[in-house]
Amino acid sequence: MADLVRKLGERIRVLRKEKGLSQEQLGELSGLHTNYIGQVERGEKNLTIESLEKVAIGLGVSLEQVFRYIDPMEQQDELSQINELLSKRPFEDRAMALKIIKDVFDWEHRKYR
């Protein structure tokens with residue numbers, strides 16, 4: 001259980017930094033004390049579901065995004081491989097990849113009309 005708590009804290013830290021937030025800002029946005037945010041990120045506190053939801057709301061992400069990459073699958077399917085590739089890219093690259101995928105699907109849809 002401690003390993004999961006640590007991984008979850010690390011994931012929250014990564015998301016917070018991606019959003020350019022300090023622990024204080026995340027605490028304000030989530031309605032949780034700054035010290036608590038720090039303890040969570042260090043894996044010292046086991047979040048309740050309610051607190052986890054508050055953190056996700058404060059970060060502006062879904063619970064699925066919070067748990068993403070915490071326990072990777074041993075054999076990745078195609079979607080997981082795409083996620084893995086994109087997760088390491090900057091926002092602009094991810095946005096461009098999404099646009100390309102949408103364009104391909106739109107083209108395919110028009111082709112078979």
Undergrad: Is the closest side-chain heavy-atom distance between K19 and V61 below 4.5 Å?
TA: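 Yes. Closest side-chain heavy atoms under 4.5 Å.
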
Undergrad: Regarding R6 and E10, does a basic nitrogen lie under 4.0 Å from an acidic carboxylate oxygen?
TA: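 Looking at R6 and E10, the cut-off is met.
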
Undergrad: Measure the spacing between CG of L52 and CD1 of I57 and express it to the nearest 0.5 Å.
TA: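 Nearest 0.5 Å value for the CG-CD1 distance: 10.0 Å.
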
Undergrad: Please round to the nearest 0.5 Å and tell me the distance separating atom CG of D93 and atom CG of L98.
TA: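 Spacing of CG (D93) from CG (L98) equals 12.5 Å.
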
Undergrad: Backbone N or O of G9 within a donor-acceptor pair of the R42 side chain at under 3.5 Å?
TA: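 Side chain of R42 to backbone of G9: no pair is present.
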
Undergrad: Evaluate the side-chain proximity of R16 to Q25: yes if any heavy-atom separation is below 4.5 Å, no if none is.
TA: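 A side-chain contact is absent here, since even the closest heavy-atom pair is not under 4.5 Å.
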
Undergrad: Can you tell me how far apart CZ (R89) and CE (M96) are? Round to the nearest 0.5 Å.
TA: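 If we round to the nearest 0.5 Å, R89:CZ and M96:CE are 8.0 Å apart.
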
Undergrad: Atom CD of E108 and atom CG of D103: how far apart are they, to the nearest 0.5 Å?
TA: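 Between E108 CD and D103 CG, I get 13.0 Å after rounding to 0.5 Å.
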
Undergrad: Would a 4.5 Å heavy-atom cut-off, applied to side chains only, mark V66 and V55 as touching?
TA: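 Not touching, per the 4.5 Å side-chain cut-off.
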
Undergrad: What pairs of donor and acceptor atoms, side-chain ones from residues 30-37 against any protein atom, are under 3.5 angstrom apart with sequence neighbours left out?
TA:
unit_1 : atom_1 : unit_2 : atom_2 : d
S30    : OG     : L26    : O      : 2.7
S30    : OG     : G27    : O      : 3.4
H33    : ND1    : N35    : N      : 2.9

Undergrad: If every non-hydrogen atom of K45 is compared with every non-hydrogen atom of V40, which pair is closest and at what distance?
TA: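 It is CB-CG2, 4.0 Å.
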
Undergrad: For the hydrophobic clusters of this structure (ILVMFWY residues joined by side-chain heavy atoms under 4.5 Å, transitively), does one cluster hold both L86 and V14?
TA: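 Cluster IDs for L86 and V14 differ.
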
Undergrad: So does K111 have more than 12 non-hydrogen atoms from other groups sitting under 6.0 Å from NZ?
TA: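 Result for NZ/K111: enclosed.
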
Undergrad: So which atom in L15 and which in Q65 form the shortest heavy-atom distance, rounded to 0.1 Å?
TA: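 Heavy atoms only, the tightest pair is CD1-O, 4.1 Å.
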
Undergrad: Atom CG in L4, atom CZ in R11: separation rounded to 0.5 Å?
TA: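 So the CG of L4 and the CZ of R11 are separated by 13.5 Å.
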
